[in-house]
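To start, the structure under review is shown below, and the notes come after it.
This structure is a prediction, so every number in the text was calculated from the model and none was measured.
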2 protein chains.
Amino acid sequence: MGTAERKEREKLHRKEEIIDAAEKVFFDKGLAMATMDEIAERAELSKGTLYLYYKSKEDLYMAVICRGHQILLKMFQQAAATGEPTIKLLQNIGEAYFAFYKRHHDYFRMFSFSENSQLQSQVSEEMRMTCAESGQCIGGVVQAVIQQGKEDGTYRPEVSPLEMSFVLWAHCRGVMELIDHIKSVPSDGIKRACSEVDFDKLYRKSTAMLVYAMLTEEARKNFKLEL
Amino acid sequence: MGTAERKEREKLHRKEEIIDAAEKVFFDKGLAMATMDEIAERAELSKGTLYLYYKSKEDLYMAVICRGHQILLKMFQQAAATGEPTIKLLQNIGEAYFAFYKRHHDYFRMFSFSENSQLQSQVSEEMRMTCAESGQCIGGVVQAVIQQGKEDGTYRPEVSPLEMSFVLWAHCRGVMELIDHIKSVPSDGIKRACSEVDFDKLYRKSTAMLVYAMLTEEARKNFKLEL
DNA sequence: GTATTAACTGACTGACGGTCAGTCAGTCGT
DNA sequence: ACGACTGACTGACCGTCAGTCAGTTAATAC
C-alpha cells in the first residue's frame with residue numbers, strides 16, 4: 001500500500017508550501033519584522049501547524065536560505081560547465097555571483113544576515129548542518145575550477161584552491177555587500193561622493209585584481225588588468 | 001550661572017553610562033536577545049529613562065557602534081601616521097583592521113550586523129547620519145593613504161583612491177567575516193577541511209594580492225608577493 | 001461501523017518594546 | 001526660609017508576538 005509514501009510526499013510538499021509563504025514575508029519584512037502569524041496566513045495554515053514542520057522562526061528562515069543556496073549552486077555549476085578555458089570559468093563564476101546578487105537580491109540579503117552568529121545559535125543543530133552543507137557545495141565548485149586551472153598552468157603552483165576559493169568568495173561578497181549598503185542607505189554625503197563610481201565595473205575590476213595575482217607569468221601575458 | 005552647562009555635561013555623561021551598560025548586554029546577547037530591561041538594570045536606571053536618552057533599542061545599538069567607529073578610527077590614524085613609506089602604511093592599516101577584529105571582536109560583529117538594511121530602517125534618521133559620518137571618516141583615512149601613494153609613484157596613476165578604498169575595505173571585511181564565521185560555526189565538516197589553513201596568513205596574503213595589483217611596475221620589483 | 005492515528009487549529013502564556021501619568025529632588029524668585 | 005516650578009526619573013501598563021497544547025477533525029485501519 002502506497003499510503004505511507006503518499007503521506008511522505010505530501011509532507012515534503014507542505015514543507016515547500018510553507019517555505020513559499022515564509023519567503024515572501026521574510027523578503028518583505030526581514031527576520032525581525034516578519035511574524036509567524038503572517039506566514040501562517042499566507043500559507044493558509046494556522047500558526048501551530050508551522051511549528052509541526054519547523055522548530056522555530058529561525059529554522060524556517062534558514063530553510064529559505066537553503067533554497068537560495070540551491071539556486072546559487074545551479075548558477076555556479078552552469079557557469080563552470082561551459083567548456084571554456086579555466087580563466088574564463090572563474091570569470092563566469094564571478095559574473096554568476098553578481099547576477100545572483102542582482103536577480104535574487106532578497107536571497108543575497110538573507111545570506112548576509114544569516115552569517116550572524118547570534119542567529120546561528122537560535123537555529124537547530126540539524127538545520128544548521130543542512131544549511132552548512134548546501135553552502136559548502138557552492139564553495140566546492142569554485143575550488144574545483146581553481147584546482148583545474150592550477151593543473152593546466154593558468155594559476156601558480158603555490159596557489160591553494162581551498163584558500164583561494166575562500167578569498168574569492170569572501171571578497172566578492174564583501175564588495176557586493178558594500179555596494180548594496182551604499183545603494184540602500186540614503187545618505188546624501190556618500191551618494192554625492194560616489195556619483196562617479198560605476199559599481200558594476202568596480203566589482204569586475206576588483207575581482208580581476210585577485211585573479212591576476214594568482215596567474216602564472218605566462219598567463220599574465222594574455223590577461224589585461226584594467227583599474 | 002553654570003547650572004545649565006553642568007546639566008548639559010551630566011546629560012552627556014548619562015548617555016555614556018547608558019552606552020556602557022548597553023555595550024555589555026549587546027556584546028553578550030546580540031540585538032535580538034538583549035532586552036531593554038536588562039540594559040536598564042545594568043545602568044541602574046528604569047527602562048523608561050533609557051527612552052529619554054535614546055529613541056529605540058536600535059538607536060541605542062547604533063550608538064554603541066559609533067563608539068566602536070571611534071576606536072577603529074584612532075587605530076587607523078595611528079597606523080597611517082608612522083612616517084613610513086606609503087606601501088607600508090597601507091599594510092599597517094590592514095594590520096590595524098585585523099587587530100581590531102581580534103581585540104574588539106564584539107564591536108566587529110556589531111559592525112557586520114549593522115549593515116543589515118532591515119536594521120537601518122528601524123534607526124532614526126539622526127542616528128543613522130551620525131553613524132554614517134563616523135564610518136566615512138574611517139574610509140577617508142584609507143583613501144588619503146592611497147592618494148598619497150599614487151602621488152609618490154607607488155600606485156598606478158589610473159588607480160582611483162575612492163574606489164580602491166572601497167575595495168580594500170570591503171575585501172578585508174569580507175575575509176574577516178568569513179574567518180569569523182568558519183571559526184564560530186561548529187561544523188566538523190568545515191573544521192576538518194580547514195585544519196591546515198592559517199587564517200592570519202590568509203588575510204595578509206589576500207590583502208597583498210590586491211595591493212600588488214595596484215602597484216606600478218617599478219614598485220612591484222620591491223614587492224614580494226607570497227601565495 | 002468503530003477504533004486509531006495523524007494533521008491541524010486557535011486560544012492561551014510569558015516575555016518584551018515602548019508609553020505615560022505620576023513622583024520627587026533640585027533650583028529659582030521673593 | 002519657603003512655596004512654585006522644572007525636568008529627570010519611575011514602573012505599572014499596553015499591544016504584540018513566538019511558541020505551546022488541549023482539543024477538533026479527517027483519514028485510515030480493522
**Positions of residues 115-124 of chain B (non-hydrogen atom under 4.0 Å from DNA chain D), listed by number** = none

**Request:** Mind running a 4.0 Å heavy-atom check of residues 23-38 of chain A against DNA chain D and sending the residues that fall below it, in number order?
**Result:** A:Ala34, A:Thr35, A:Met36

Between [atom2] on [N] and [atom1] on [X], what's the gap in Å once rounded to a whole number?
| X | N | atom1 | atom2 | value |
| --- | --- | --- | --- | --- |
| A:Lys57 | D:dT16 | NZ | P | 15 Å |
| A:Leu12 | C:dA7 | CG | P | 12 Å |
| B:Tyr54 | C:dT19 | OH | P | 17 Å |
| A:Tyr61 | D:dA18 | OH | P | 14 Å |
| B:Tyr51 | C:dC16 | OH | P | 12 Å |
| A:Asp59 | D:dG19 | CG | C1' | 13 Å |

Around atom [atom1] of [X], are there more than 12 heavy atoms from other residues, nucleotides or ligands closer than 6.0 Å?
| X | atom1 | answer |
| --- | --- | --- |
| B:Glu10 | CD | yes |
| B:Gln77 | CD | yes |
| A:Glu41 | CD | no |

What's the shortest heavy-atom distance between [X] and [Y], and which atoms?
| X | Y | value |
| --- | --- | --- |
| A:Arg173 | A:Ser112 | NH2-CA, 3.7 Å |
| A:Ile39 | A:Ile18 | CG2-O, 4.5 Å |
| A:Val159 | A:Met164 | CG1-CG, 3.6 Å |
| B:Ser206 | B:His171 | OG-NE2, 3.0 Å |
| B:Val145 | B:Ala80 | CG2-CB, 3.8 Å |
| B:Tyr203 | B:Tyr97 | OH-CB, 3.8 Å |

Protein-nucleotides 7-11 of chain D N/O pairs under 3.5 Å:
unit_1	atom_1	unit_2	atom_2	d
D:dC9	OP1	B:Arg14	NH1	2.3
D:dC9	OP2	B:Tyr53	OH	2.5
D:dT10	OP2	B:Ser46	N	2.8
D:dT10	OP2	B:Ser46	OG	3.4
D:dT10	OP2	B:Thr49	OG1	2.8

**Prompt:** Is it true that B:Arg109 and B:Glu177 make a salt bridge, defined as a side-chain N closer than 4.0 Å to a carboxylate O?
**Reply:** no

**Request:** Taking side-chain contact (heavy atoms from CB on, under 4.5 Å) as the test, write out the residues that go with A:Asn92, two or more places apart.
**Result:** A:Ala79, A:Thr82, A:Glu84, A:Lys88, A:Leu89

**Set of side-chain contact (heavy atoms from CB on, under 4.5 Å) partners for A:Gln136, sequence neighbours left out** = A:Ala132, B:Ser187, B:Ile190

**Message:** For B:Phe113 and A:Phe113, take the angle between the two ring planes, folded into 0 to 90°, and tell me which bin it lands in: parallel under 30, tilted 30 to 60, perpendicular over 60.
**Reply:**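 Ring orientation, 0 to 90° scale: tilted.
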
**Item:** Angle between terminal axes - the helix from C:dG1-D:dC30 to C:dT30-D:dA1, 5 pairs each end, rounded to 10°
**Value:** 10°

